Amino acid sequence: MTLIVHNTLARAKEPFEPLDPEHVRLYVCGPTVYDLAHIGNARPVVVFDVLYRLLKRLYPRVTYVRNITDVDDKINARAAETGEPIERITARTTEAFHADMAALGALPPDVEPRATGHIGEMVEMIEKLVADGHAYEADGHVLFHVPSMPDYGRLSRHSREELIAGARVDVAPYKRDPADFVLWKPSAEDLPGWPSPWGRGRPGWHIECSAMSRAYLGEAFDIHGGGADLIFPHHENELAQSVCAHGPPFVRYWMHNGYLVVKGDKMSKSLGNVLTVRELLADAPGEAVRLALLQAHYRAPLEFGRDTLAEAKAGLDRLYRALRDAGAHEPAEPAPAVLEALLDDLNTPAAIAAMHETATALNRAEDADERAALAGSLLGAGALLGLLQADPTAWLHGEGDDAAEIEALVAERVAARRSRDFARADAIRDTLAARGIALEDGPDGTAWRRAG
RNA sequence: GGCGCGGUGGGAGAGUGGCUAUCCAUCGGACUGCAAAUCCGCUUACACCGGUUCGAAUCCGGUCCGCGCCUCCA
């Protein structure tokens with residue numbers, strides 16, 4: 001039972017061997033808090049939440065760090081645009097992020113450091129890079145000197161020459177090398193700034209993750225995750241900073257999730273096709289959104305269409321129906337197929353398929369002990385994936401304040417059927433169907449659920 | 001231009017050199033007062049062209065198509 005993980009560094013699956021089997025350490029890049037999270041932001045959160053749950057099962061101790069980026073030019077721009085104070089924007093957005101991710105069933109990380117709380121560590125690290133000749137001050141900025149690191153580009157497989165050739169941006173005049181990137185930059189009076197040896201300023205784009213991962217996980221740790229679009233430049237530069245400041249290896253396994261696309265295009269603000277988690281949660285329960293994200297393998301592109309949520313909901317309904325009919329049970333060991341699928345580089349689609357096979361076996365089984373075992377197995381698999389956490393009947397009944405009224409109609413119909421007044425029974429069923437309520441007559445009574 | 005990813009049945013989506021997941025939808029059967037749910041079954045896919053092989057959707061080469069990164073971005 002070994003965990004296999006795709007390592008971006010090798011572009012291949014590798015057996016996971018923790019630096020310290022007694023304590024596995026995981027860092028995932030968190031949000032820049034300037035706007036509501038969209039479904040693309042949610043993908044890494046949910047994917048790495050499954051990894052976190054799996055690691056916790058496999059190892060005695062796991063520390064999961066996910067940062068909050070609360071100093072960034074996008075935040076500054078938003079504040080300038082709307083006039084809302086920066087602290088309010090970041091506080092409000094952080095709160096919304098927490099609420100949205102909790103709705104998706106994501107466990108909170110063990111540590112959630114904020115960039116503004118670690119400026120001192122960043123300055124310290126930059127000083128070390130300058131002292132060691134990996135960075136230099138120029139025109140109020142401090143820049144990382146890319147040629148000072150011979151194997152720069154190992155993660156993204158971009159050579160320095162290629163980067164320069166492909167550069168579509170103007171190279172700032174103060175750069176010694178076109179590939180050099182900013183560690184520290186000066187702040188005008190009206191922008192957030194902190195004192196530093198190079199004057200009042202703020203950190204560059206990548207140094208925060210280097211400083212915070214070191215603060216909580218040490219100079220070398222096991223897994224660093226994030227979206228594929230972070231491979232370059234963010235993670236490449238982060239790796240360069242950390243390795244040059246503390247020496248290799250920094251991170252053993254880099255894991256990146258694929259993009260989420262909407263109708264063939266990558267979701268982005270400029271295309272105006274952004275789906276916020278909040279909007280989606282208005283249309284479907286959090287678990288349905290979560291399942292939609294886990295139904296495709298994390299490295300594959302995931303197309304989020306109009307039907308994606310409804311299909312995820314339908315799949316969950318099937319599992320919840322099986323659980324409802326099985327009665328209450330405690331989570332138990334998941335089916336081996338579920339665990340095997342997850343151990344193979346987080347193959348959640350295969351794990352979910354195995355859950356459906358468990359559900360089929362449960363629906364078919366008649367022996368009470370067997371049914372209890374299968375229901376427990378299904379719940380155990382759900383716990384590992386962060387699914388099936390709701391009460392089955394409550395899930396199937398859905399949201400609405402008309403439950404009592406529905407129950408009354410159902411009871412009335414049961415009475416009508418008992419007296420073989422099928423015309424009355426069918427009329428009640430039609431009434432309920434018109435309200436989106438489907439009935440399921442079983443040997444032990446009539447269940448109802450909100451359909452569609 | 002450089003680097004990289006992907007093309008699987010009506011839809012979604014795994015996977016393995018030969019035994020052809022799983023879910024949704026459709027259709028048929030069982031069950032049901034009738035339905036719904038459930039179970040059983042049906043539909044038998046792997047972009048294209050070559051090659052390797054007893055055998056490839058799965059390995060190799062090429063072609064076409066779609067997408068991403070190289071710029072803030074999960």
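Predicted model only: the values in this text are computed from it and were never measured. Labels below follow one simple rule: chain letters A, B, ... track the order of the sequence lines, proteins then strands, and each chain is numbered from 1.
Under the 3.5 Å distance criterion, the side-chain polar atoms of A/Arg43 are left unmatched by any main-chain donor or acceptor of A/Gly40. Under the 3.5 Å distance criterion, the side-chain polar atoms of A/Arg53 are matched with a main-chain donor or acceptor of A/Ala383.
Rounded to whole angstrom, the span from the CD1 atom of A/Ile352 across to the P atom of B/G15 amounts to 13 Å. Put simply, CG on A/Leu439 is 11 Å from P on B/A37, counting in whole angstrom units. Distance, A/Trp254 CH2 to B/A74 P: 15 Å, rounded to whole Å. Atom CG in A/Asn363 sits roughly 12 Å away from atom P in B/A37 (whole-Å rounding). Between the P atom of B/G13 and the CD atom of A/Gln295 lies a distance of 8 Å, rounded to the nearest Å.
Comparing the C1' positions of B/C65 and B/C49 gives a spacing of 15 Å, expressed to the nearest Å. B/G9 and B/A57 are spaced 12 Å apart, taking the C1' atom of each and rounding to whole Å. For B/U43 and B/G1, the P atoms lie 47 Å apart once the distance is rounded to whole Å. Annotation: B/C42 and B/U58 have their P atoms spaced 26 Å apart (nearest Å). With both ends at atom P, the span from B/G7 to B/G13 equals 10 Å, rounded to whole Å. Separation of the C1' atoms belonging to B/C23 and B/C54 is 36 Å when rounded to the nearest angstrom. Rounded to the nearest Å, the gap between the C1' atom of B/U32 and that of B/U38 is 11 Å. Taking the P atoms as reference points, B/A74 lies 12 Å from B/C69, given to the whole Å.
Side-chain atoms of A/Arg11 stay outside donor-acceptor range of the base of B/G4, with no qualifying N/O pair under 3.5 Å. Contact annotation: side chain of A/Asp426 to base of B/G33, donor-acceptor pair present below 3.5 Å.
Listed nucleotides B/C23, B/G11, B/A74 differ in distance to A/Glu311; the shortest reach to its side chain belongs to B/G11. Comparing B/C34, B/C69, B/C23 by their nearest atom to the side chain of A/Tyr259 picks out B/C69.
When heavy atoms are screened at a 4.0 angstrom cut-off, A/Arg66 is found touching no nucleic acid atom at all. Among the heavy atoms of the strands, none lies under 4.0 Å from A/Thr308. Among the protein residues, A/Leu230 comes within range of the sugar-phosphate backbone only, with heavy atoms under 4.0 Å from sugar or phosphate atoms but none that close to a base. Looking at heavy-atom distances under 4.0 Å, A/His297 makes contact with sugar-phosphate atoms alone, never a base. Looking at heavy-atom distances under 4.0 Å, A/Asp325 makes no contact with the nucleic acid at all. Using a 4.0 Å heavy-atom distance criterion, A/Arg429 is classed as a base contact.
Each of A/Phe422 and A/Arg43 was matched to the nucleotide of RNA chain B holding its nearest heavy atom; the match closer to the 5' end belongs to A/Phe422. In terms of position along RNA chain B, the nucleotide closest to A/His356 lies nearer the 5' end than the nucleotide closest to the other residue of the pair A/Glu440 and A/His356.
Using a cut-off of 4.0 Å between Lys/Arg side-chain N and Asp/Glu carboxylate O, A/Arg202 and A/Asp72 are scored as not salt-bridged. A salt bridge does not link A/Asp317 with A/Arg321: every distance from a Lys NZ or Arg NE/NH1/NH2 to an Asp or Glu carboxylate oxygen is 4.0 Å or more. Under the 4.0 Å criterion applied to side-chain N and carboxylate O atoms, A/Arg435 and A/Glu405 are assigned as salt-bridge partners.
B/A36: no Watson-Crick or G-U partner with both key distances under 3.5 Å is found in any strand. Of the nucleotides present, B/G4 is the one that pairs with B/C67 by Watson-Crick or G-U wobble criteria, both distances under 3.5 Å.
Between A/Ile89 and A/Val33, every side-chain heavy-atom pair lies at or beyond the 4.5 Å cut-off.
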